[in-house]
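Structure record follows, encoded as structure tokens.
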Amino acid sequence: QVQLVESGGGLVQAGGSLRLSCAASGRTFSGYAVAWFRQAPGKEREFVAGLSAYTVYADSVKGRFSISRDNAKNTVALQMNSLKPDDTAVYYCAAKIRPMVIGSDQYNYWGQGTQVTVSS
């Protein structure tokens, strides 16, 4: 099985940046699609960004966030720039066998989440 752990969350002012990292154990990410989701209090979990043979981003983060893979480290990162208060949420890393999809119910490996809080 694949175990995922997120790191890099924290408190940042609007306009700032954070870099989240998702590390895998048990297997490599090589054959998997990896995606970031987020869930704010009282809201549904939403797709943020995904990576397989290509990358895709939610419209709300396009141009501000970037997802990348480091095969040597077996990690997937989410670089978040120009953060807004609306980006505040718990961010989750998820993985599935390729191809990538944006529906959270299609992912069978999940991390525990990391809190991102963006202040005004």
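Note that this is a predicted model, so its numbers are computed, not measured.
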Self-check item: side-chain hydrogen bond (donor to acceptor under 3.5 Å, both in side chains) against Arg45, all qualifying residues, sequence neighbours excluded
Solution: Gln39
Practice problem: Supply the atom-to-atom distance Leu51 CG to Met100 CE, rounded to the nearest 0.5 angstrom. | Solution: 7.0 Å
Self-check item: Inter- and intrachain pairs under side-chain hydrogen bond (donor to acceptor under 3.5 Å, both in side chains), touching residues 73-83, at least two apart
Solution: Ser17-Asn81, Gln79-Asn81
Exercise. Find out if a path of hydrophobic residues (ILVMFWY) with successive side-chain heavy-atom gaps under 4.5 Å connects Val101 to Val34.
Key: no
Quiz item: Any side-chain heavy atom of Met80 within less than 4.5 Å of one from Leu20?
Solution: yes
Exercise. Could you note down all residue pairs passing disulfide bond (SG atoms under 2.5 Å apart) where residues 27-120 supplies at least one of them, sequence neighbours left out?
Key: Cys22-Cys93
Practice problem: Please confirm whether Tyr92 and Phe37 have ring centers closer than 6.0 angstrom. | Solution: no
Practice problem: May I have the step-by-step check of side chain to side chain contact (heavy atoms under 4.5 Å, CB included) for Val48 and Phe65, ending in yes or no? | Solution: CA-CA 9 Å; Val48 177; Phe65 292 9; 3.7 Å; yes
Quiz item: With sequence neighbours left out, which residue pairs that include part of residues 93-113 fulfil the side-chain hydrogen bond (donor to acceptor under 3.5 Å, both in side chains) condition?
Solution: none
Exercise. Enter the distance from Arg69:CZ to Tyr32:OH here, rounded to the nearest 0.5 Å.
Key: 11.5 Å
Can you give the donor-acceptor pairs under 3.5 Å from side chains of residues 113-120 to other protein atoms, not counting sequence neighbours?
| residue | atom | partner | partner atom | Å |
| --- | --- | --- | --- | --- |
| Thr114 | OG1 | Gly9 | N | 3.2 |
| Gln115 | NE2 | Ala89 | O | 3.4 |
| Gln115 | NE2 | Thr117 | OG1 | 3.3 |

Exercise. With sequence neighbours excluded, give me every salt bridge (charged side-chain N to carboxylate O under 4.0 Å, His left out) pair touching residues 46-68.
Key: Arg38-Glu46, Asp59-Lys62, Arg64-Asp87
Quiz prompt | Linked, directly or transitively: Trp36 and Val12 (ILVMFWY side chains, under 4.5 Å) | solution = yes
Exercise. Output, in order, the C-alpha distance, side-chain angles, deciding distance and verdict of side chain to side chain contact (heavy atoms under 4.5 Å, CB included) for Val56 and Phe47.
Key: CA-CA 10 Å; Val56 63; Phe47 174 85; 3.4 Å; yes
Quiz item: Got a donor-acceptor contact below 3.5 angstrom from the Arg19 side chain to the Gly8 backbone?
Solution: no
Quiz item: Does Pro99 reach the side chain of Ser52, with side-chain heavy atoms less than 4.5 Å apart?
Solution: no
Quiz item: What's the shortest heavy-atom distance between Phe29 and Ala24, and which atoms?
Solution: CZ-CB, 3.4 Å
Quiz item: So how far is it from Ile67 CD1 to Leu78 CG, rounded to the nearest 0.5 Å?
Solution: 6.0 Å
